[in-house]
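Heads up, the thing below is written out as structure tokens.
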Number of protein chains: 4
Amino acid sequence: MFTLNAQSGVPIYRQLIEQIRRLVASGQLKPGDELPSVRELALAHAVNPMTISKAYSLAEAEGLLARQRGKPMCVAEQEHNKESKAERLKRLRPLVTQLINAAQQLNLSTQDVVSAVSHEMEQEND
Amino acid sequence: MFTLNAQSGVPIYRQLIEQIRRLVASGQLKPGDELPSVRELALAHAVNPMTISKAYSLAEAEGLLARQRGKPMCVAEQEHNKESKAERLKRLRPLVTQLINAAQQLNLSTQDVVSAVSHEMEQEND
Amino acid sequence: MFTLNAQSGVPIYRQLIEQIRRLVASGQLKPGDELPSVRELALAHAVNPMTISKAYSLAEAEGLLARQRGKPMCVAEQEHNKESKAERLKRLRPLVTQLINAAQQLNLSTQDVVSAVSHEMEQEND
Amino acid sequence: MFTLNAQSGVPIYRQLIEQIRRLVASGQLKPGDELPSVRELALAHAVNPMTISKAYSLAEAEGLLARQRGKPMCVAEQEHNKESKAERLKRLRPLVTQLINAAQQLNLSTQDVVSAVSHEMEQEND
DNA sequence: GTGGTCTAGACCACC
DNA sequence: GTGGTCTAGACCACA
């Protein structure tokens, strides 16, 4: 469900929040859906539970998640949880920009990048 | 020449090293080429000179750059500086993967991503 | 554990790295052994923590030390950490050469130097 | 005559001054003796002439050397230029201490060090 | 002018 | 508690 990378330099809890935002924005996490427990997620990704807990707490402060006593956290019931395609594309842009910057520094053409992306996506969809 | 983003979570000096690696790999920086001075780069990106200096030093430790006393650092004269297209595509992969993960979490299709990428690249090339 | 000399002209962080190399080479620091914390060492030697940190980071880049999140750095589990006596004598050579150069410039005889060295070592071993 | 090492971390001009001090202390440079010209020395050691010049100037300020218009610098005529053996041994001590510290960190015995030193000195004397 | 080293002190991420 | 990153600013070595 989540992809955490300890080497990337980006704090783990931020990676987690960002991914929760995306799943909520796309409707893959709907209001009321339960998230994995802190312990479960920590174990699965070999990460300290406090790190997961911090991400959940910040996501709660942001109005993304809601705490339910004695039960796992769930997606908050709120306005415009699910976003339009345009909004979701906007969320993707920073990553696109980053990719393109790298491609230019690597002297790769649009064609190279597009084929790398589409090829990789096909694989993932298997 | 370089794109530094203080918000990205990735340390600035690491962003810089990574971009130097790419420019060397693509031959856009050739052995002997001089890099911008520490102060110049620091000023241009509103960053502390030590941060730039740290990146340069680590790039030197890595064999990427060479120090010339009293002169700006330059690209090291060394083995396979310039890399094949395959190698450069390999360097791009982590970013592609990251993009695709995000796209899937945002429930965007291959077509959405590819068109976002190619559209953005066209703009950059203007 | 370490002998740092701010007056020697050799940067402190380099002195530290060199001494770590020696202790690892001789097996006095074994893989897994923890090093003093940055703050502790900085305090003990009246040096800025960043200076120690820089040494540790470079030693890590060199594969000598390993980082453990939230815990002190430790000696890396790696290839030929411990070195043969011949290798260790090779590490000593630059210092021997330096000493001998000085001795010759001071017009001191082999006997003078040898007795100075052995006398000093006896004292240290007390 | 001089041994300069650009890698050692110790500033070149300091290395030079220290070596002049030693040669004067041992009487290998006597009052009135001329030193190599700045240009000559700079060329021989592939060093910037200003660096040599700085060393000479500081040695002059220290009363070690004297400038003679239009001629190379020479050793100053002064009190106790030449030093007793005890004094010269004292100048050697820091290097001895440094060597011994390294030897202990390398887990080498007095015997190892002494034999390395005497062996090396024999070679030099050939 | 260049880069290098160090300091003092702030804030962050993770255990 | 650990190390990591960054800043602002000083001083040094070298061309």
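For the numbers below, each heavy atom of this structure counts, side chains included, while hydrogens, waters and symmetry mates do not. Here is the naming used below: chain letters follow the sequence lines, and residue numbers restart at 1 for every chain.
Here the rule is side-chain hydrogen bond (donor to acceptor under 3.5 Å, both in side chains) with C/Q105, and of D/Q28, D/R88, D/R22 only D/R22 fits it.
Of all the residues in residues 53-60 of chain D, D/K54 reach under 4.0 Å from DNA chain F with at least one non-hydrogen atom. Contacts with DNA chain F (heavy atom under 4.0 Å) in residues 8-23 of chain A: none are found.
Between the side chain of D/H45 and the backbone N or O of D/F2, at least one donor-acceptor pair lies under 3.5 Å. Using modelled atom types, one side-chain atom of D/T97 and one backbone atom of D/R93 make a donor-acceptor pair closer than 3.5 Å. Panel note: side chain C/Q15, backbone C/V10; a donor-acceptor pair is recorded below 3.5 Å. Judged by distance alone, with hydrogens and angles left aside, the side-chain atoms of B/Q68 form a donor-acceptor pair with the main-chain N or O of B/P72 at under 3.5 Å.
Take the nearest nucleotide of DNA chain E for B/P36 and for C/G70: the residue whose nucleotide is more 5' is B/P36. Residue whose closest nucleotide on DNA chain F sits further toward the 5' end, between B/T51 and C/M73: C/M73. A residue-by-residue look at C/Q68 and B/A46 shows that C/Q68 has its nearest nucleotide of DNA chain F further toward the 5' end.
For B/N48 and E/dG3, the CG to C1' distance is 14 Å, given to the nearest whole Å. Atom CD of C/E34 is separated from atom C1' of F/dG3 by 13 Å (rounded to the nearest Å). Rounded to whole angstrom, the span from the CG atom of B/L41 across to the C1' atom of E/dT2 amounts to 14 Å. Atom pair A/H45:NE2 and E/dC14:P shows a separation of 14 Å (rounding to whole Å applied). Distance CD (B/Q7) to C1' (F/dT5): 14 Å, rounded to an integer number of Å. To the nearest angstrom, P of F/dT2 lies 16 Å from CE of A/M50. The interatomic distance linking C/L65 (CG) with F/dG3 (P) rounds to 11 Å, in whole Å. Distance, C/L35 CG to F/dG1 C1': 17 Å, rounded to whole Å.
The CD1 atom of C/I100 sits 11.0 Å away from atom CD of C/Q98, with the distance rounded to the nearest 0.5 Å. The distance from atom CD1 of B/I12 to atom CG of B/N48, rounded to the nearest 0.5 Å, is 9.5 Å.
Note on B/R91 versus B/E83: salt bridge recorded, some NZ/NE/NH1/NH2 to OD/OE distance being below 4.0 Å. Taking a cutoff of 4.0 Å between a charged side-chain nitrogen and a carboxylate oxygen, C/R21 and C/E18 qualify as a salt bridge.
The residue C/V47 sits close only to the backbone: its heavy atoms come under 4.0 Å of sugar-phosphate atoms, none of a base.
Counting heavy atoms from C-beta on, the side chains of C/L29 and C/M1 come closer than 4.5 Å. The shortest distance between side-chain heavy atoms of D/Y56 and D/P36 falls below 4.5 Å.
In this model, a side-chain donor or acceptor of B/R39 finds a partner on the base of E/dG3 within 3.5 Å.
Heavy-atom contacts from other residues, nucleotides or ligands closer than 6.0 Å to CE of D/M50 number 12 or fewer.
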Revision key, fill the gap. For DNA chain E, the expected dot-bracket line (Watson-Crick or G-U under 3.5 Å, [ ] crossing, | inter-strand) is ||||||||||||||.
